[in-house]
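Computed from a predicted model, the values in this text were never measured in an experiment. Naming: A, B, ... by sequence-line order, numbering from 1 per chain.
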Protein chains: 2
Amino acid sequence: MPEQPVTVAVSTVIFGLREHDGEQALHLPLVQRVREPHLGRWALPGGPLRADESLRDAARRNLADTTGLNPAHLEQLYTFGAVDRGAADRVVSVVYWALVRTEEAALTRDDPHVAWYPAHALPPLAFDHEEIVGWAVKRLKAKLEYTHLSHALLPDEFTLGQLREVHEAILGRRLDPANFRRRVEATGTVAPTGAHQAGVRHRPPALYRSTAREELLT
Amino acid sequence: MPEQPVTVAVSTVIFGLREHDGEQALHLPLVQRVREPHLGRWALPGGPLRADESLRDAARRNLADTTGLNPAHLEQLYTFGAVDRGAADRVVSVVYWALVRTEEAALTRDDPHVAWYPAHALPPLAFDHEEIVGWAVKRLKAKLEYTHLSHALLPDEFTLGQLREVHEAILGRRLDPANFRRRVEATGTVAPTGAHQAGVRHRPPALYRSTAREELLT
DNA sequence: TCAAAAGTGTTAATCCTACACCCATGG
DNA sequence: CCATGGGTGTAGGATTAACACTTTTGA
């Protein structure tokens, strides 16, 4: 062997909404490592890139393999390639991040090595994965403000109150319901279905559907 | 050989300002390919990643090797890894983008295979490099508006008129000098040196220096 | 004295934020 | 009939955009 080869791996930070302390909170599924290094630690789902698949396909495949999830949004985050990142050989990691809808996030894989954790209460992670999650959260927050990504965390039909809760969970602060409503309506990316959500102990909120098609950026 | 190996390459989109049609315009240095595939075509400077260097170091090294330039700003753009991108074997390309100061951009390397081209009048490029340049320009435009990256294209001391010209060249539209001045001053990222630029046939403009230290994002 | 860009002032339009208030439902 | 969130209205402040006007220099 003439030279030490560089291998390419793909990992994914997956975001979904789940209940935590009575409120919707951002969660992510982690997998427990079954071999060294960092055996037993929790880590981002990932694996080596195969020669016959694109980076994006690799991310999607191994997201499905390890967690059984199907993302509503998938986007490249960053590529990490410092010489020593804690692994044995030289690995360049291409990291993607994904959003899954609440129905998906509710699915629990029948696998003791996969578990959802709140984004703000993670266990110690393998490698430099904590830093990576930090970047992903930062990017998600930033993109919330100028895209319609939040729709990808909700079911097909949702109320503006639910949409607001998503934003509040991610941004970590309360938003004025009146102003939030106007801002969203002004973008023209949601349309009322005409139906209303019944069974709530207050005025029945209108249901909306996302009209935003796939993004522009990165 | 058990499996076709995936190789990692690093390329860089380098931006600098140069005169074009009597105005400052965004330019970038390209290298002419000296081997197949795409022999003779112009391409982004780049080369394989070595096992003992980080991605960022690789970008910096091969920017220096091929063009002799030293960037004032260097940032990762995106990683391209479709299965067939036009090369013979499977290559994953990590692309960086860089900004060089006007002094650097003025340097012409004594090499017939390196030349500066206006960003809006590029020759046909090898591989998918045209698309990559497009992304880089888009990112540069976006970051102009919420960072102080434009300082990295100018010399140490500059007038607000020059800074405005940089923005105009990149955004492709005129900006109101009065409002531009106020906006920049409000950010607090420039400080007057006290000196003025002499020799101009109008009121001598004050010279400023950037006080913004390294960035926050990406 | 003129042209040309520097630099200051002003105003109207727009956007953002906070908050008051009525509506419709289940308990 | 009350608590709760849905939904509408509105007033004040902050930000932005457009443009008039004065300043200072070299030619």
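Spacing between atom CD of Gln197(A) and atom P of dG7(D) amounts to 10 Å, rounded to whole angstrom units. dT24(D) atom P lies 11 Å from atom NE2 of His196(B), rounded to whole Å.
Here the range on DNA chain C touched by chain B, meaning any atom under 4.0 Å from one of its heavy atoms, is dA3(C) to dT10(C).
Take Glu53(B) and apply the side-chain hydrogen bond (donor to acceptor under 3.5 Å, both in side chains) test, not counting sequence neighbours, and it matches Arg61(B).
The residue among Arg201(B) and Thr159(B) whose nearest nucleotide of DNA chain C is located toward the 5' end is Arg201(B).
Contact between Ala105(A) and Leu17(A) at its shortest, heavy atoms only, is CB-O, 3.6 Å. Nearest heavy atom pair, residue Thr102(A) against residue Gln24(A), reads CG2-NE2, 4.3 Å.
Ring-plane geometry between Phe80(B) and Tyr78(B) is classed as perpendicular, the angle between the planes exceeding 60 degrees on a 0 to 90 degree scale with a lower cut at 30. Using bins of under 30°, 30° to 60° and over 60° for the plane-to-plane angle, the ring pair His151(B)/Phe158(B) lands in the tilted bin.
Under the 3.5 Å distance criterion, the side-chain polar atoms of Gln162(A) are matched with a main-chain donor or acceptor of Thr159(A). A donor-acceptor pair under 3.5 Å is formed between the side chain of Arg41(A) and the backbone N or O of Leu125(A).
Less than 4.0 Å separates DNA chain C from at least one heavy atom of each of the following residues of residues 169-187 of chain B: Ala178(B), Arg181(B), Arg182(B).
Look at Glu23(B) and Arg174(B) and you find a salt bridge, because one of the NZ, NE, NH1 or NH2 atoms lies within 4.0 Å of a carboxylate O, short of that distance.
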